[in-house]
Number of protein chains: 2
Amino acid sequence: MNDTNVSQRLFRRYLKDQGLPHTRQREAVAQVVFASAGHLSVEDLEGRLREMGHRTGKATIYRTLDLLVRSRLVMEHDFGEGFKRYEHRLSRDPVHEHLICLECGRVIEFESWEVQDVQARVTQRHGFRPARHKLEIYGLCRECQEAGVELPDDGLTCPIERA
Amino acid sequence: MNDTNVSQRLFRRYLKDQGLPHTRQREAVAQVVFASAGHLSVEDLEGRLREMGHRTGKATIYRTLDLLVRSRLVMEHDFGEGFKRYEHRLSRDPVHEHLICLECGRVIEFESWEVQDVQARVTQRHGFRPARHKLEIYGLCRECQEAGVELPDDGLTCPIERA
DNA sequence: GTCCATGCAAACCTTTTGCACTATA
DNA sequence: TATAGTGCAAAAGGTTTGCATGGAC
């Protein structure tokens, strides 16, 4: 049995636990999310559902994503593009960080125990109770650099010295 | 001379460098941003401008914030509240991270050389050219914990074991 | 006098909501 | 059959844009 099927089962269990009906739309949305590797936008989801012959309304997609996020089977991300992206959590490390290319939108995942460490120390020092964190590094991926893309620099050239 | 004035001067220099006019609206928006300690929303800004007797249109506020962000004198943040917040960068460490309270929205800043370190190592490993990063830790601040607030837990109780 | 900024309102985009209808259990 | 979900379209909410007017240089 593959991970997609495991996730599907977990989602069905979640629905049962919450006393919610299991519908074909929920099944379809969950299936697409669990079967996709990357970080999906709602537009991506709509497209894949249409390809598969499902005619699912946007509202239902959003409502189902909300359930998937609540169940903790899916994570919601906002990479500053003006819309959200969704990533399933099974079959990968539950805690990981992201490198995000400002040019092409490519997302590379990595893990870092140091970040966990920083979180533990800094939250303890401030009496803060952590629920989750995110470390996102924005820049240019190798491919975009090799394609000659440059990061724009519009800022003050040297604020302090020229003040 | 205080930091607010330094920042104002830098902003005027930025405008001159870019060949852009220095207007009273830009002056007013910049002044409010530089004089404020926290992480301002556009709504906050509008309010403070009104208090000061300035009648500045929303569009002008957004356009001026865009200039301030481009000049690097101001940073834009998105803490997932559905709108952006703005923070001036002078008179504080240019690189710092945030603890964000999910209950009251309080923001606590901290610094971490370890994160810089992680960024350097992981970007080198992936041939990625970093432009900026953000580490945000979400949870409950001390005050909200003491007020008895709990983090909701709606997820699957134990996905793997009960699968 | 030439540009550019401003202000207003309309447009935009993603996400949410109301409601009549349909499907689940 | 009771309860909740679905789909559509409208609304919401923050942000952006078009355009006529006014200000900066």
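Per chain, numbering begins at 1; letters A, B, ... match sequence-line order.
- Between B:F79 and B:H98, the distance from one ring center to the other falls under 6.0 angstrom.
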With a cut-off of 3.5 Å and sequence neighbours excluded, list every side-chain donor-acceptor pair involving residues 43-52 of chain B.
from  : atom 1 : to    : atom 2 : distance (Å)
B:D44 : OD1    : B:S41 : OG     : 3.3
B:D44 : OD2    : B:S41 : N      : 2.9
B:D44 : OD2    : B:S41 : OG     : 3.1
B:E46 : OE1    : B:K58 : NZ     : 3.2
B:R48 : NH1    : B:S36 : OG     : 2.8

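- The nucleotide range of DNA chain C contacted by chain B, defined by atoms under 4.0 angstrom from heavy atoms of the protein and reported 5' to 3', is C:dC4 to C:dC8.
- When the nucleotides D:dG7, D:dA4, D:dG14 are ranked by their closest atom to the side chain of B:Y62, D:dG14 comes out on top.
- The residue among B:V42 and B:P21 whose nearest nucleotide of DNA chain D is located toward the 5' end is B:V42.
- Straight-line distance from the CD atom of A:E81 to the P atom of D:dT15: 17 Å, rounded to whole Å.
- Separating the CG atom of B:L65 from the C1' atom of D:dG14 is a distance of 13 Å, rounded to the nearest angstrom.
- Taking CZ of B:F11 as the start and NZ of B:K16 as the end, the distance is 14.0 Å to the nearest 0.5 Å.
- Apart from B:M75 itself, the hydrophobic cluster it occupies contains nothing, where clustering links Ile, Leu, Val, Met, Phe, Trp and Tyr at side-chain heavy-atom distances under 4.5 Å.
- Side-chain heavy-atom separations under 4.5 angstrom define the hydrophobic clusters, and the remaining members of the one that includes B:V122 are A:L99, A:I108, A:F110, A:V115, A:V118, A:V122, A:F128, A:L135, A:I137, B:L99, B:I108, B:F110, B:V115, B:V118, B:F128, B:L135, B:I137.
- Within a 6.0 Å radius of CD in B:Q124, no more than 12 heavy atoms belonging to other residues, nucleotides or ligands are found.
- Of the residues in residues 22-33 of chain B, those with a non-hydrogen atom less than 4.0 angstrom from any atom of DNA chain D are B:H22, B:R24.
- Taking all atoms of both residues into account, the shortest heavy-atom contact from B:C141 to B:R106 is SG-NE, 3.5 Å.
- One can place CD of B:E76 at 11 Å from C1' of D:dT15, the figure rounded to the nearest angstrom.
- Salt-bridge check for A:E76 with A:R85: failed, with every basic side-chain N at 4.0 Å or more from each acidic carboxylate O.
- Comparing D:dG5, D:dG7, D:dT17 against the side chain of B:R63 picks out D:dT17 as the nearest.
- As judged by a 4.0 angstrom heavy-atom cut-off over every strand, A:K84 is placed among residues touching the sugar-phosphate backbone only.
- Listed by residue number, there are no residues of residues 46-54 of chain A with a heavy-atom contact under 4.0 Å to DNA chain D.
- Across A:Y14 and A:L67, no two heavy atoms sit closer than the pair CE2-O, 3.8 Å.
- In terms of heavy-atom proximity, B:V95 sits nearest to B:E111 at O-CG, 3.9 Å.
- When all heavy atoms are compared, the tightest approach of A:R26 to A:P21 is NH1-O, 2.6 Å.
- Counting to the nearest Å, the C1' atom of D:dT6 and the CG atom of A:L67 are 13 Å from each other.
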